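For reference, the structure discussed in these notes is given below.
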Number of protein chains: 2
Amino acid sequence: MLAGVTIDGSLRERKKRQTRQSISDIATRLFLERGYERVTIAEIAAAAGVAKMTVTNYFPRKEDLVLDIAEEFVALLARAVAERPAGEPVRDALRRRYAEAVARREAAVGFAGEPFVRLVEDSPALAARLRELFDLRERALAAQLAAEPATAGDDLTARLVAAQLAGAYRVLFAEAFRLIRAGHDEEQVAGILAEAGARAFDLLATAGD
Amino acid sequence: MLAGVTIDGSLRERKKRQTRQSISDIATRLFLERGYERVTIAEIAAAAGVAKMTVTNYFPRKEDLVLDIAEEFVALLARAVAERPAGEPVRDALRRRYAEAVARREAAVGFAGEPFVRLVEDSPALAARLRELFDLRERALAAQLAAEPATAGDDLTARLVAAQLAGAYRVLFAEAFRLIRAGHDEEQVAGILAEAGARAFDLLATAGD
DNA sequence: AGCATACATGGGTCCGACCTAAAAATAGGC
DNA sequence: GCCTATTTTTAGGTCGGACCCATGTATGCT
């Protein structure tokens with residue numbers, strides 16, 4: 001409790017992770033088979049062999065069963081800025097980080113299987129949750145920029161710059177989904193996005209520093 | 001029917017508008033009194049003296065009862081671009097239109113009473129709907145830009161530029177809400193926004209043309 | 001005036017979100 | 001190893017929003 005780090009190897013922790021993973025896997029399978037809105041929480045619980053409330057405990061909202069990378073997704077840009085080498089302009093750091101994410105086929109920039117892409121884009125609830133995540137990402141970046149020496153104190157400018165930069169990432173994410181839906185394979189998508197990313201960041205004014 | 005313009009003075013049309021307006025007014029009053037989530041559709045229907053389904057017929061989603069300016073809100077930017085004088089750069093048109101909207105205290109750029117602002121921002125459902133409207137606004141602008149001679153054919157660039165421009169409007173809208181919540185009166189808000197708008201558009205690269 | 005259309009009604013279903021009390025499982029002290 | 005405190009899971013329920021249907025009623029058109 002005090003030493004809250006009840007090591008993640010404890011029986012309790014392990015079982016929790018197992019239960020969580022099992023629920024998530026079963027839910028994903030059902031969603032891909034039949035579509036997001038046509039699977040109910042009760043069905044997932046039944047299929048996973050747990051109580052309805054257990055599903056809700058692990059995933060407060062149904063959308064969380066699908067979009068389970070929230071933390072990483074939201075923090076991506078703020079982290080890239082915070083961890084950049086001293087003296088590097090913000091825009092350069094984000095351009096670099098984007099290229100890296102594409103090279104690594106990271107989900108946070110839009111890499112996913114076609115069925116998953118369709119699942120998310122065809123469901124109003126999931127699309128709404130994705131918008132919310134983009135919004136949180138932009139806010140996190142704005143907070144980080146406001147804490148930077150260069151922008152310090154000027155919150156409005158920080159928010160404006162964050163909107164420009166996060167906006168580029170968001171459009172590129174949508175482009176990734178579009179390409180995947182159009183049937184391009186991962187390698188093609190990566191190639192096109194690398195070039196699109198370069199163009200996107202060239203378009204941006206040298207804002208931030 | 002064929003000459004579908006069954007003039008809006010017909011009895012049927014008038015009654016429809018009355019019913020709609022009456023439901024909307026009563027709903028707004030209840031929401032401001034008790035908060036969005038603590039008023040049910042059934043209560044609104046009862047207070048308005050109509051059937052539950054009638055409320056649903058006019059306002060398919062509960063959020064529509066509050067955010068009833070969707071069409072105007074969504075079209076604002078695309079329209080400003082479409083209707084600008086020949087030869088005027090896109091960015092200039094939007095800068096001009098923003099100043100005009102502020103001068104006119106238009107709701108589409110964030111002018112509203114403080115209770116209304118709190119109502120919207122404190123409700124997850126309404127905040128989500130607002131995000132959706134911003135998204136639709138950006139898409140409408142992107143579509144308009146893609147149809148412009150200068151950007152024609154390059155959809156990705158159109159989407160990137162639209163994100164930058166619509167992003168500025170979105171941040172300025174949030175700033176308006178923030179100022180209103182902080183207790184500034186309409187005149188103060190207008191003054192601050194006029195200046196903030198100028199800064200926001202200065203920050204943007206000369207994109208679009 | 002009469003007929004087709006469109007609107008409103010009431011009665012229902014379904015599901016996600018949430019609650020509560022109690023049961024089951026585990027961790028830690030002894 | 002046992003007992004107790006804590007955490008996790010369970011069962012069964014309420015509530016509200018979205019939706020559907022058949023029916024009734026009012027309006028517009030000819």
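Numbered from 1 within each chain, the chains take letters A, B, ... in sequence-line order. Predicted model, so just to flag it, every value in this text is computed and none were measured.
Side-chain proximity of A/Glu63 to the nucleotides D/dT9, D/dG17, C/dA17 is greatest for C/dA17.
Within the 4.0 Å cut-off from OP1 or OP2 of D/dT8, not a single side-chain nitrogen or oxygen of A/Tyr58 is found. Between C/dC18 and A/Thr56, no contact under 4.0 Å exists linking OP1 or OP2 to a side-chain N or O.
The aromatic rings of A/Phe201 and A/Tyr169 sit perpendicular to each other, their planes meeting at more than 60°, with 30° as the lower class boundary. In this structure, A/Phe31 and A/Tyr36 have tilted ring planes: the angle between them lies in the 30° to 60° band.
At a threshold of 4.5 Å between non-hydrogen side-chain atoms, the residues A/Val171 and B/Leu156 count as touching.
Between A/Phe59 atom CZ and D/dT9 atom P there is a gap of 11 Å when expressed in whole angstrom units. Atom NZ in A/Lys62 sits about 14 Å away from atom C1' in D/dG17, given to the nearest Å. D/dT27 atom P lies 11 Å from atom CD of B/Gln18, rounded to whole Å.
Between the axis at the start and the axis at the end of the helix from C/dA1-D/dT30 to C/dC30-D/dG1 there is an angle of 20°, using five pairs per end and rounding to 10 degrees.
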Atom pairs under 3.5 Å, N or O on each side, protein against nucleotides 10-14 of chain D: can you list them with distances?
residue, atom, partner, partner atom, Å
D/dT10, OP2, A/Ala51, N, 2.8
D/dT10, OP2, A/Thr54, OG1, 2.2
D/dG13, O6, A/Lys52, NZ, 2.9

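Salt-bridge formation is not detected for the pair A/Glu138/A/Arg170: no Lys NZ or Arg NE/NH1/NH2 atom is positioned less than 4.0 Å from an Asp or Glu carboxylate oxygen. Ion pairing between A/Arg79 and A/Glu71 holds under the 4.0 Å rule for side-chain N and carboxylate O. Salt-bridge check for A/Asp135 with A/Arg139: passed, with a basic side-chain N closer than 4.0 Å to an acidic carboxylate O. Using a 4.0 Å cut-off between charged side-chain N and carboxylate O, B/Arg97 and B/Glu83 make no salt bridge. Ion pairing of A/Arg61 with A/Glu63 is absent here, as no side-chain N (NZ or NE/NH1/NH2) approaches a carboxylate O to less than 4.0 Å.
Within a 6.0 Å radius of CD in A/Glu187, no more than 12 heavy atoms belonging to other residues, nucleotides or ligands are found.
Within residues 124-136 of chain B, no residue places a heavy atom under 4.0 Å from DNA chain D. Of the residues in residues 33-46 of chain A, those placing a heavy atom less than 4.0 Å from an atom of DNA chain C are A/Val39, A/Thr40, A/Ile41, in numerical order.
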Test log, rule salt bridge (charged side-chain N to carboxylate O under 4.0 Å, His left out), inputs B/Asp155 and A/Arg178:
CA-CA 12 Å; B/Asp155 277 19; A/Arg178 197 184 65 75; over 6 Å; no
Donor-acceptor pairs are to be reported for all side-chain atoms of residues 115-132 of chain A against protein atoms at under 3.5 Å, with residues two or more places apart or in another chain.
residue, atom, partner, partner atom, Å
A/Arg118, NE, A/Glu114, OE2, 2.9
A/Arg118, NH2, A/Glu114, OE2, 2.7
A/Arg118, NH2, A/Arg181, O, 3.3
A/Glu121, OE1, A/Arg181, NH1, 2.8
A/Asp122, OD1, A/Arg181, NH1, 3.3
A/Asp122, OD1, A/Arg181, NH2, 3.2
A/Ser123, OG, A/Glu37, OE2, 3.0
A/Ser123, OG, A/Ala125, N, 3.3
A/Ser123, OG, A/Leu126, N, 3.1
A/Arg129, NH1, A/Glu132, OE1, 3.4

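Evaluation of the ring-ring contact (aromatic ring centres under 6.0 Å, His included) rule for A/Tyr58 yields no partner, not counting sequence neighbours.
Both tests pass for A/Arg137 against the ring of A/Phe73: distance under 6.0 Å to the centre and angle within 45° of the axis.
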